[in-house]
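One-based numbering along the sequence shown.
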Amino acid sequence: MITMNKRPELQDFSKIIHNPYEPDKYKACKPNYSSLGFAIYDVFRSFEEISPDIGLKQYVIMPDHIHFILQIFKELDMPLGKYLAIFKNRVINRAREKGIFCGSEGESVFEPGFNDQFLLANRSLNGMYVYLQHNPYWRWMRWERPEFFRRIHDVELVGIKCSLYGNLSLLDNAFKSPVIAHRAEMADPDLMKRKMDFWEYTILNGGVVVGAFVNKVEKGIRDFAFERGGKVIWIRNVAYEERQKPSEGILNECAKGNLLIVSPDLKGALGSGRTFREECLFMNDLAERMALG
């Protein structure tokens, strides 16, 4: 899958239109192309002219970027990047034929370079198709409920620098409970039942469960919260970069306003030589401090 981003100063490629009468939420949102978007559409429609050895399987033209899936039929005569450069040139030529201003001579419609994701053995082609098909819905949702998809970096929580993604108002919930199940505790069925009952009570009564959700018991509580419409602050050891999108499951929970992902600056707190166990202990401590704060 190839991703190319629009140059910021140019017109949007499309606008997402929502049809409230369509019962399928994904089909209800479609991109309505601008004149520049139609120029890209025209080039996609004649993609086989670029090379008969590359098949265009699917594409989506979003307001500020495009995604498309390519199939390589045999070894190419040139690096793939050369063919993508031809694609970019065709887009700008088509745009100028339509009288669309695209900047000065030699400038592209797109930002330099491109991002690529190869279909490896652990990935599904159908999953890539679904990702492209659902893209317009998730963009519309982020416009409709921006407070549920906030992305902030370098925020200090209980003295720790963090990156945040999701519904920040969950931090203000007065009934937060840290979900931490130590190995020794898991050997005590009575203790674990009391803890599980309390966590489930928190979820079912409007509170927020907070944790890194590393082991099986903790993950089970997180999943119980998701299934019951509960609220979760999920502490993770990796932050989402500016253009990185979470998985569809995470986006679904964000769309309900039920999820905030907190990614502490572990390198700054623990150093580059940290172990995964040290990260887990740090995140558990952060969960306890956030629940008290």
Side-chain angles (χ1 to χ4, degrees), residues 145-240 246-266 268-270 274-293:
R145 301 303 302 264
E147 71 273 20
F148 291 169
F149 298 91
R150 292 192 65 187
R151 188 194 307 255
I152 301 179
H153 298 291
D154 298 331
V155 176
E156 193 168 288
L157 295 179
V158 293
I160 304 299
K161 188 167 72 171
C162 299
S163 294
L164 310 178
Y165 185 91
N167 184 1
L168 273 61
S169 71
L170 297 185
L171 294 169
D172 298 327
N173 190 297
F175 303 98
K176 295 191 287 287
S177 175
V179 176
I180 302 169
H182 297 295
R183 189 177 303 172
E185 294 175 331
M186 288 190 283
D188 185 336
D190 292 334
L191 174 59
M192 283 312 302
K193 185 178 185 311
R194 290 195 299 273
K195 296 190 79 165
M196 296 278 285
D197 287 346
F198 179 71
W199 292 330
E200 291 180 5
Y201 176 86
T202 300
I203 291 165
L204 297 175
N205 288 275
V208 180
V209 286
V210 186
F213 307 110
V214 174
N215 61 44
K216 185 177 180 180
V217 170
E218 295 164 356
K219 288 177 180 176
I221 290 297
R222 179 200 62 197
D223 294 345
F224 177 84
F226 288 159
E227 290 165 7
R228 298 299 184 93
K231 300 174 176 63
V232 176
I233 295 177
W234 187 355
I235 301 173
R236 301 186 64 180
N237 60 353
V238 178
Y240 290 112
S247 68
E248 184 146 335
I250 287 176
L251 287 172
N252 267 313
E253 295 306 319
C254 286
K256 302 171 191 173
N258 289 341
L259 179 61
L260 174 65
I261 294 174
V262 175
S263 303
D265 176 15
L266 294 171
L270 300 175
R274 63 194 181 276
T275 65
F276 180 64
R277 174 174 168 73
E278 288 172 332
E279 288 184 352
C280 292
L281 292 173
F282 183 89
M283 290 188 292
N284 282 345
D285 179 69
L286 179 58
E288 289 183 321
R289 293 165 64 189
M290 287 178 63
L292 290 172

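Contact check for V208 versus V232: no side-chain heavy atoms found under the 4.5 Å cut-off. Put simply, the side chain of N237 does not reach to within 4.5 Å of the side chain of S263, judged on heavy atoms. Between R222 and V179 there is no side-chain heavy-atom pair separated by less than 4.5 Å. Here the side chains of L259 and I250 are in contact, with some heavy-atom distance below 4.5 Å. Within the 4.5 Å cutoff, no side-chain heavy atoms of R289 are placed close to those of L157.
G230 and I203 get closest at one heavy-atom pair: CA-CG2, 3.9 Å. When all heavy atoms of P264 and C162 are compared, the pair lying nearest together is CA-SG, 3.8 Å. Of all non-hydrogen atoms in G166 and C254, the two that sit nearest each other are CA-SG, 4.3 Å. Heavy atoms only, all atoms of each residue included: G257 and N167 are closest at O-ND2, 2.8 Å.
Listed by chain and number, the residues in a ring-ring contact (aromatic ring centres under 6.0 Å, His included) with F226 amount to none (sequence neighbours excluded). By the side chain to side chain contact (heavy atoms under 4.5 Å, CB included) test, D190 is found to be paired with D188, R194, residues two or more places apart in sequence or in another chain being considered.
Distance CG/L260 to CH2/W234: 12.5 Å, rounded to 0.5 Å. In this structure, CD1 in I152 is found 6.0 Å from CG in L164, a value given to the nearest 0.5 Å. The structure places CG of L266 at 12.5 Å from CZ of R236, a figure rounded to the nearest 0.5 Å. Atom CG in D265 sits 8.0 Å away from atom CG in D154 (nearest 0.5 Å). Here the CZ atom belonging to R151 is positioned 10.0 Å from the CD1 atom belonging to I261, to the nearest 0.5 angstrom. Remark: Y165 OH to H153 NE2 distance equals 10.5 Å, nearest 0.5 Å.
For R150, the CZ atom sits in a loose shell: 12 or fewer heavy atoms of surrounding residues, nucleotides or ligands are nearer than 6.0 Å.
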| query | Are K231 and V209 close enough, and set up right, to give a side chain to side chain contact (heavy atoms under 4.5 Å, CB included), and what steps lead you there? | reply | CA-CA 7 Å; K231 300 174 176 63; V209 286; over 6 Å; no

| request: I would like to know whether K161 and V155 meet side chain to side chain contact (heavy atoms under 4.5 Å, CB included); could you show each step before the answer? | output: CA-CA 5 Å; K161 188 167 72 171; V155 176; over 6 Å; no

| Stepwise side chain to side chain contact (heavy atoms under 4.5 Å, CB included) check, L191 with K195 | CA-CA 6 Å; L191 174 59; K195 296 190 79 165; 4.2 Å; yes

| message | Run the side chain to side chain contact (heavy atoms under 4.5 Å, CB included) test on L171 and K176 for me, step by step, so that the C-alpha distance in whole Å, both residues' side-chain angles and the decisive distance to 0.1 Å come before the verdict. | response | CA-CA 9 Å; L171 294 169; K176 295 191 287 287; 5.6 Å; no

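For D223 and K219, the salt-bridge test fails: no basic side-chain N is under 4.0 Å from an acidic carboxylate O. R274 and E279 are joined by a salt bridge, as a carboxylate oxygen and a charged side-chain nitrogen come within less than 4.0 angstrom of each other. With respect to the salt-bridge test (charged N to carboxylate O, under 4.0 angstrom), the residues R145 and E147 qualify.
Formation of a donor-acceptor pair under 3.5 Å by the W199 side chain with backbone atoms of E218 is not found in this model. In this structure, the side chain of N173 engages the main chain of G206 through a donor-acceptor pair within 3.5 Å. Judged by distance alone, with hydrogens and angles left aside, the side-chain atoms of S163 form no donor-acceptor pair with the main-chain N or O of A239 at under 3.5 Å. In terms of modelled atom types and a separation under 3.5 Å, the side chain of N215 and the main chain of A181 share a donor-acceptor contact. Side chain of E288 to main chain of D285: no donor-acceptor pair is present (N/O by atom type, distance under 3.5 Å, no hydrogens or angles). Here the side chain of N205 pairs a donor or acceptor atom with the backbone of Y201 at under 3.5 angstrom. Put simply, the side chain of E227 never gets that close to the backbone of F224: no donor and acceptor are under 3.5 Å apart.
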